[in-house]
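I have placed the structure first, in the form of structure tokens, so that the comments after it can refer back to it.
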Amino acid sequence: METITKRNLLLNILNRFRSEGKVVGFVPTMGALHAGHIALVEKAKSENDIVVVSIFVNPTQFNNKNDLLHYPRTLERDEELLNNATCDFLFLPDVSEMYPNGVEEIMSPINLEGLDAVMEGAHRPGHFAGVIQIVKKLFDAVGTSKAYFGEKDFQQLAVIRKMVKEWKLPIEIVACPIVREADGLAMSSRNTRLKPEERKVASTISQTLFKAKELWKDHSVDELKKIVAELISSEKQLRLEYFEISDIQTLQAMKNGEKKNAVACIAVQLGEVRLIDNVVLG
Ligand code: PAF
């Protein structure tokens with residue numbers, strides 16, 4: 001695996017491969033890699049000639065300074081995992097490479113038709129503006145490719161798909177299923193920040209979602225919200241930030257009586273760590 005820190009160099013190298021007819025797969029990450037990321041890399045490897053993984057902890061998508069400060073950084077281990085997963089290029093820019101004019105730079109607005117107004121967008125002001133800003137820069141640095149994203153960040157995936165469509169970017173988005181720990185907890189870089197006693201109760205989040213899926217057929221949106229709130233509050237370390245049943249396409253909240261194309265999304269605070277998860281209800 002070769003490590004590249006400059007955008008222009010990366011694009012030049014990848015364009016050389018493209019001129020030989022090779023196709024490029026891209027996995028954008030913020031590092032602290034886990035089996036979920038490696039599944040994306042392996043999927044990319046199976047569908048492309050060249051795989052690029054980026055590691056960049058993007059400051060503009062953190063609405064909470066403390067979260068940015070404590071975001072896990074495990075570069076040595078990440079490099080080892082990527083080498084084993086036969087990643088070809090690690091793109092490892094620093095902040096000045098991605099934001100040469102400073103992180104306050106303004107981006108041209110994009111109409112996301114409300115995708116960014118709910119759930120993560122409502123609870124983390126500015127988060128999706130930061131995600132769009134960096135993902136656009138990363139896509140530009142990699143060029144035409146298939147880009148792989150995990151479904152754990154369900155809303156992020158919808159926002160990025162919309163961005164690609166609006167700006168007609170030469171990128172095909174590939175969504176990959178959530179990878180879970182044996183007890184059901186969705187894999188996340190943030191899980192490493194959980195204290196042992198918090199880790200024990202963290203699986204209540206996914207177990208609650210699985211229960212919600214089971215009950216969905218016979219319960220309304222309001223009934224399910226009440227049940228989920230009760231299940232989460234039965235663990236006193238968990239604080240429910242939101243639980244929404246949303247339309248899979250528009251992400252707008254569903255009403256009682258609506259049943260089709262629903263996804264249940266949850267955000268929970270556990271100690272100092274904020275965790276999200278989701279499950280498609282059907
Ligand atoms: O999902 C992530 O890890 C990040 O939001 C992403 C897409 C790499 C942008 O910084």
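Everything numeric in this text was worked out from a predicted model, so none of it was measured. Just so you know, ligand 1 is whichever comes first in the structure, and atom 1 is the first atom listed for that ligand.
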With heavy-atom distances below 4.0 Å as the criterion, list the atoms of ligand 1 near Ile134. 9 (C), 10 (O)

List the closest protein heavy-atom neighbour of atom 9 (C) of ligand 1: residue, atom name, distance to the nearest 0.1 Å. Gln61 OE1, 3.3 Å

What protein heavy atom sits nearest atom 2 (C) of ligand 1, and how far off is it? Gln156 NE2, 3.9 Å

Do Asn58 and Tyr99 pass the side chain to side chain donor-acceptor pair (under 3.5 Å) test, and can you show the C-alpha distance, the side-chain angles, and the key distance before you say yes or no? CA-CA 10 Å; Asn58 173 38; Tyr99 295 101; 2.6 Å; yes

For the residue pair Phe62 and Tyr71, does the interplanar ring angle fall in the parallel (under 30°), tilted (30 to 60°) or perpendicular (over 60°) class? perpendicular

In Arg18, Lys22, Arg16, the residue satisfying salt bridge (charged side-chain N to carboxylate O under 4.0 Å, His left out) with Glu20 is Lys22

Between Arg193, Arg199, Glu197, which is the residue that forms a side chain to side chain contact (heavy atoms under 4.5 Å, CB included) with Lys195? Glu197

Classify the contact between Thr29 and ligand 1 as side chain, backbone, both or neither, using a heavy-atom distance cut-off of under 4.0 Å. backbone

Do any nitrogen or oxygen atoms of Asn58 lie less than 3.5 angstrom from nitrogen or oxygen atoms of ligand 1? no

Review item, side-chain donor-acceptor pairs of residues 245-257, under 3.5 Å, at least two apart:
{"from": "Asp247", "atom 1": "OD1", "to": "Gln249", "atom 2": "N", "distance (Å)": "2.8"}
{"from": "Asp247", "atom 1": "OD1", "to": "Thr250", "atom 2": "N", "distance (Å)": "2.9"}
{"from": "Asp247", "atom 1": "OD1", "to": "Thr250", "atom 2": "OG1", "distance (Å)": "3.4"}
{"from": "Thr250", "atom 1": "OG1", "to": "Gln252", "atom 2": "N", "distance (Å)": "3.2"}
{"from": "Gln252", "atom 1": "NE2", "to": "Gly114", "atom 2": "O", "distance (Å)": "3.3"}
{"from": "Gln252", "atom 1": "NE2", "to": "Thr250", "atom 2": "O", "distance (Å)": "3.0"}
{"from": "Asn256", "atom 1": "OD1", "to": "Val221", "atom 2": "N", "distance (Å)": "3.1"}
{"from": "Asn256", "atom 1": "OD1", "to": "Asp222", "atom 2": "N", "distance (Å)": "3.0"}
{"from": "Asn256", "atom 1": "ND2", "to": "Asp222", "atom 2": "OD2", "distance (Å)": "2.9"}

